[in-house]
2 protein chains.
Amino acid sequence: MAAPHQKEQLDQIVELIRRHGGRVTVPRRAVIAAILEGDGHRSADDIGRAVQAEHPDVALSTVYRTLDALQQLGVIEHSHLGHGAAVYHLTDHGHVHLVCRSCGDVTDVPDEIVAELTARLDDEHGFALAPRHFAMFGTCRRCRPD
Amino acid sequence: MAAPHQKEQLDQIVELIRRHGGRVTVPRRAVIAAILEGDGHRSADDIGRAVQAEHPDVALSTVYRTLDALQQLGVIEHSHLGHGAAVYHLTDHGHVHLVCRSCGDVTDVPDEIVAELTARLDDEHGFALAPRHFAMFGTCRRCRPD
DNA sequence: TTAGCTGCAAAAGGTTTGCAAATTA
DNA sequence: TAATTTGCAAACCTTTTGCAGCTAA
């Protein structure tokens with residue numbers, strides 16, 4: 001499961017937490033591991049379930065608090081993929097999410113796709129787009145009438 | 001308040017409801033009026049408050065059910081402007097929303113701004129973007145460090 | 001030692017639902 | 001009259017919070 005580079009990433013994050021005066025605990029390690037092992041589309045609940053598989057008495061509130069802490073450190077961010085729960089992923093994820101309103105399927109596309117939009121919003125509106133913070137909704141190929 | 005063209009719009013919507021076998025009730029009229037009078041950024045709760053100013057015993061659940069019905073008819077749609085409640089607006093609103101993650105301010109921009117993105121997503125991914133269903137997050141001019 | 005975490009339980013916000021009574025066409 | 005809509009209250013889901021006890025550094 002834990003690919004070798006995931007261990008390195010975990011170690012880096014752990015060090016970052018310590019450098020900021022945070023404590024590295026069993027629940028925190030488990031949350032980080034669950035994110036690293038995930039596909040970048042895990043909700044707090046998914047992460048909680050993964051953590052609890054190994055450490056049954058980690059509370060979901062601890063998962064939320066850890067996710068908060070990791071966001072403050074800039075390690076992860078969350079996206080809203082629809083009406084339900086937000087999903088958490090590494091900051092350098094590099095993708096935007098396309099969510100089909102019909103089948104619910106999520107497709108990742110490189111965030112270069114919004115480069116022109118990002119430039120225009122900056123030029124014309126002084127707005128710095130954070131493209132990974134939200135999903136883009138629409139209808140996927142399979143669900144479109146031809 | 002009620003601009004003359006709003007009365008016409010209301011009548012059109014009322015007729016559409018009837019044509020689809022729906023009943024036109026006092027609460028429904030009031031919900032539609034609240035949407036027409038709004039700025040396109042009203043949440044279900046905002047709409048409920050506006051409705052209750054005139055008709056104090058309309059329940060919020062009725063507001064939600066009416067909003068649902070209007071969405072099914074294609075008259076309105078909702079957008080997620082952040083972590084809180086969704087906002088409802090006419091389908092032909094023609095704008096996308098820019099939401100500042102720092103100050104929470106919402107700016108409307110004509111949806112022409114996403115034309116190129118829409119075309120690329122269609123070409124490259126077969127994905128039909130529904131740009132008004134979600135807000136785009138980022139940092140607004142005022143909140144950006146220069 | 002002590003600031004920082006944790007689990008638990010409860011609360012908070014937004015939205016949905018079941019049901020009997022009221023209303024529309 | 002028959003089908004739809006309503007108000008109410010309760011449930012639901014996701015996320016947040018208060019607090020006393022626990023633990024990493």
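Chain identifiers are assigned alphabetically (A, B, ...) following the order of the sequence lines, protein sequences preceding nucleic acid strands; residue numbering begins at 1 within each chain. Just so you know, these numbers come straight off a predicted model, no measurement behind them. Because only heavy atoms are used, hydrogens play no part in the values below, and waters and symmetry mates are left out as well, while side chains stay in.
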Short side-chain N/O contact from B/Tyr64 to OP1 or OP2 of C/dT16, under 4.0 Å: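 For C/dT16, neither OP1 nor OP2 has a side-chain N or O of B/Tyr64 closer than 4.0 Å.
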
Remember a base hit wins even if backbone is also touched, and classify [X] as base, sugar-phosphate or nothing at under 4.0 Å, heavy atoms.
{"X": "B/Val58", "value": "sugar-phosphate"}
{"X": "B/Ala86", "value": "sugar-phosphate"}
{"X": "B/Asp45", "value": "nothing"}
{"X": "A/Ser61", "value": "base"}

Between [options], which one does the side chain of [X] approach most closely?
{"X": "B/Thr25", "options": "D/dG7, D/dT6, C/dG7", "answer": "D/dT6"}
{"X": "A/Arg28", "options": "D/dG7, C/dC5, C/dT24", "answer": "C/dC5"}
{"X": "B/Val24", "options": "D/dT15, C/dA25, D/dG7", "answer": "C/dA25"}

Polar pair under 3.5 Å, donor/acceptor by atom type, side chain B/Arg65, base C/dG18: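 Pair found.
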
Side-chain donor/acceptor of A/Arg23 to base of C/dA3, under 3.5 Å: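 Yes.
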
Residues A/Arg29, A/Glu54: salt bridge by 4.0 Å N-O rule: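 Salt bridge absent between A/Arg29 and A/Glu54.
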
Ring centres under 6.0 angstrom apart (A/His95, A/His97):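 No, the ring centres sit 6.0 Å or more apart.
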
Nearest whole Å is fine: how far is [N] [atom2] from [X] [atom1]?
{"X": "A/His80", "N": "C/dG14", "atom1": "NE2", "atom2": "P", "answer": "14 Å"}
{"X": "B/His78", "N": "C/dG14", "atom1": "NE2", "atom2": "C1'", "answer": "12 Å"}
{"X": "B/Ile17", "N": "C/dT23", "atom1": "CD1", "atom2": "P", "answer": "19 Å"}
{"X": "A/Asp46", "N": "D/dT15", "atom1": "CG", "atom2": "C1'", "answer": "15 Å"}
{"X": "B/Asp68", "N": "D/dT4", "atom1": "CG", "atom2": "C1'", "answer": "15 Å"}
{"X": "A/Arg19", "N": "D/dA25", "atom1": "CZ", "atom2": "C1'", "answer": "16 Å"}
{"X": "A/His20", "N": "C/dA3", "atom1": "NE2", "atom2": "C1'", "answer": "17 Å"}
{"X": "B/Arg18", "N": "C/dT23", "atom1": "CZ", "atom2": "P", "answer": "17 Å"}

Backbone of B/Arg23 reached by a side-chain donor or acceptor of B/Arg28 within 3.5 Å: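 Yes, B/Arg28 side chain to B/Arg23 backbone: donor-acceptor pair under 3.5 Å.
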
Any donor-acceptor pair under 3.5 Å from A/Ser43 side chain to A/Ala86 backbone: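 Pair absent, no side-chain N/O of A/Ser43 close to backbone of A/Ala86.
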
Toward the 5' end of DNA chain C, by each residue's nearest nucleotide, A/Gly21 or A/Leu60: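 Its nearest nucleotide being more 5', the pick is A/Gly21.
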
Any side-chain donor near an acceptor of the partner, A/Asp108 and A/His41, under 3.5 Å: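 On atom types as modelled, these side chains qualify, holding a pair under 3.5 Å.
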
